[in-house]
Protein chains: 2
Amino acid sequence: MRWLTEREQRVWRAYLQATWMLSEHLGRQLQQESGIPHTYYEILVALSEAPNRTLRMSDLASACRASRSRLSHAVAKLERTGWVRRSTCDEDKRGAWASLTEAGFAALERAAPGHVTAVREYLFDVLTEEQVDVLGQIGQAIQDGLSGECAKALEQVEEVYAADSAELPEVVPSAAERATDPESA
Amino acid sequence: MRWLTEREQRVWRAYLQATWMLSEHLGRQLQQESGIPHTYYEILVALSEAPNRTLRMSDLASACRASRSRLSHAVAKLERTGWVRRSTCDEDKRGAWASLTEAGFAALERAAPGHVTAVREYLFDVLTEEQVDVLGQIGQAIQDGLSGECAKALEQVEEVYAADSAELPEVVPSAAERATDPESA
DNA sequence: CAAAAGAAGTTGAGTTCTCAACAACAGGTA
DNA sequence: TACCTGTTGTTGAGAACTCAACTTCTTTTG
């Protein structure tokens, strides 16, 4: 078992702290200034950029990095507020279109400037040009490394896995002989 | 209003995607392999590193980047599973100690190797030495830039802010005259 | 010292998220 | 045609989180 070196440990904790701070602050800024939670904001953004401001639910889900389930709940709520409208899809009767309404677009227009300003102020303004470049590379490298895993993870492994969950999910069996595990999930 | 340049836009989206993928994958790995949600894992880690494996609730909260409220709920649950124990604090009668139990420590020992391995595999192994360095700098720069804001945000602004919240928090007052650019980050 | 101000923790209500199950349809195969 | 398999989207239950009170105790200040 290889643990993290001290340097890696330091970088890892800096990463955790920094990403948390940024998402915390941006989320709070968005929520307080425009009353839109960040995840809902991302839905509005994705729709606003789509042709006709309309996307299939599935495509919208992957654009927002949301599970289909979560998106379904979220869009249901956004529909109640009148920012998104759903309509049935004729080419594929299972499907559904989600479209941004005028009201939704207006809400986005109100929220965006403050959000973008915050992103600039707390991310790009504190980094050098070179750091920005490297940040892009790092992001790309992480994505490449995880693209395989996330394809699997994106819609959950539907394995049976008979969860009973009394209280906290009882810590999985051994972990010692995981190598010989016949059907680990 | 200054929007993001195309390059900034690219980097920003790479950042969002990469941090999401990483936290998604690590969280799922931890959950499935040891049955511990990532936030609970962080509580166990923080306690395990404290003298006597014991911390005041507040200190534990900031070590885990959790609100006092969230920590209180989480520790209540961890106490039910027998991994953490609370005891009253004599020097400060308002306070409470949280301690890691033997069972909690054992659970952590079971979970840690898999988690660390995943961090190494999907973060450090995909980066060059230099990228790791720069990542550390970037994290530090972001923290420095936000330390002021987050001091405020860490325990919420107790402003009155008369929230009514019928459905979605009605989009903040006017902010009427914004540049009419729909695209956002 | 007494009163106000602040800090530590908890609680309950409401919101969002996850997970597993499900219904409805599509596409292929026999 | 009937069947099997996979895809799309929704649902309900339960878990986790947020937010605003609230209680209890500490510290400050007049």
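Because only heavy atoms are used, hydrogens play no part in the values below, and waters and symmetry mates are left out as well, while side chains stay in. Each chain gets a letter, A, B and so on, in the order its sequence line appears, and its residues count up from 1.
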- Query: Does the distance from a Lys or Arg side-chain N to an Asp or Glu carboxylate O, for B:R28 and B:E33, drop under 4.0 Å?
  - Reply: no
- Residues forming a side chain to side chain donor-acceptor pair (under 3.5 Å) with B:S99, sequence neighbours excluded: B:T54
- Query: Is there a side-chain polar atom (N or O) of A:Y40 under 4.0 Å from OP1 or OP2 of C:dT15?
  - Reply: no
- Task: For the pair B:R13 and B:E6, find out whether any cationic side-chain nitrogen is under 4.0 Å from an anionic carboxylate oxygen.
- Result: no
- Gap between atoms CZ and P, on A:R70 and D:dT11 respectively (whole Å): 18 Å
- Task: Answer whether the closest heavy-atom distance between the side chains of B:W97 and B:N52 falls below 4.5 Å.
- Result: no
- Note on the structure: Between CD of A:E24 and C1' of D:dC17 the distance, given in whole Å, is 11 Å
- Once you round it to whole Å, what is the distance between P of D:dA16 and CZ of B:R65? 18 Å
- Task: Please report, rounded to the nearest Å, how far the C1' atom of C:dG9 is from the NE2 atom of B:H73.
- Result: 11 Å
- Query: Below 4.0 angstrom from OP1 or OP2 of D:dA16, is there any side-chain N or O of B:T39?
  - Reply: no
- Not counting sequence neighbours, which residues clear side chain to side chain donor-acceptor pair (under 3.5 Å) with B:R120? List them please. A:E8
- Check the distance between D:dC25's P and B:D90's CG and give it to me in whole angstrom. 12 Å
- Task: Using only side-chain N and O atoms of A:K93, determine if any of them is under 4.0 Å from OP1 or OP2 of C:dA26.
- Result: no
- Are more than 12 heavy atoms from other residues, nucleotides or ligands located less than 6.0 Å from atom CZ of B:R85? no
- Item | Nearest-Å distance for atom pair CG/C1', residues B:L55 and C:dA8 | 15 Å
Below 3.5 Å between N/O atoms, which protein atoms pair up with nucleotides 6-10 of chain D? Just atom names and distances, please.
unit_1: D:dG6; atom_1: N2; unit_2: A:R94; atom_2: NH1; d: 3.1
unit_1: D:dT7; atom_1: O2; unit_2: A:R94; atom_2: NH1; d: 2.7
unit_1: D:dT8; atom_1: O3'; unit_2: A:R56; atom_2: NH2; d: 3.2
unit_1: D:dG9; atom_1: OP1; unit_2: A:R56; atom_2: NE; d: 2.9
unit_1: D:dG9; atom_1: OP1; unit_2: A:R56; atom_2: NH2; d: 3.4
unit_1: D:dG9; atom_1: OP1; unit_2: A:A96; atom_2: N; d: 3.0
unit_1: D:dG9; atom_1: OP1; unit_2: A:A96; atom_2: O; d: 3.4
unit_1: D:dG9; atom_1: OP2; unit_2: A:S58; atom_2: N; d: 2.7
unit_1: D:dG9; atom_1: OP2; unit_2: A:S58; atom_2: OG; d: 2.3
unit_1: D:dG9; atom_1: N7; unit_2: A:R68; atom_2: NH1; d: 2.1
unit_1: D:dT10; atom_1: OP1; unit_2: A:R86; atom_2: NH1; d: 2.7
unit_1: D:dT10; atom_1: OP2; unit_2: A:S72; atom_2: OG; d: 2.8
unit_1: D:dT10; atom_1: OP2; unit_2: A:R86; atom_2: NH1; d: 3.4
unit_1: D:dT10; atom_1: O5'; unit_2: A:S72; atom_2: OG; d: 3.2

- Message: Please report the distance, rounded to the nearest Å, between CG in B:L78 and C1' in D:dA16.
- Response: 12 Å
- Item | Check ion pair B:R86-B:E79 (N to O, under 4.0 angstrom) | yes
- Query: Rounded to whole angstrom units, what separation is found between the NZ atom of B:K77 and the P atom of D:dC17?
  - Reply: 10 Å
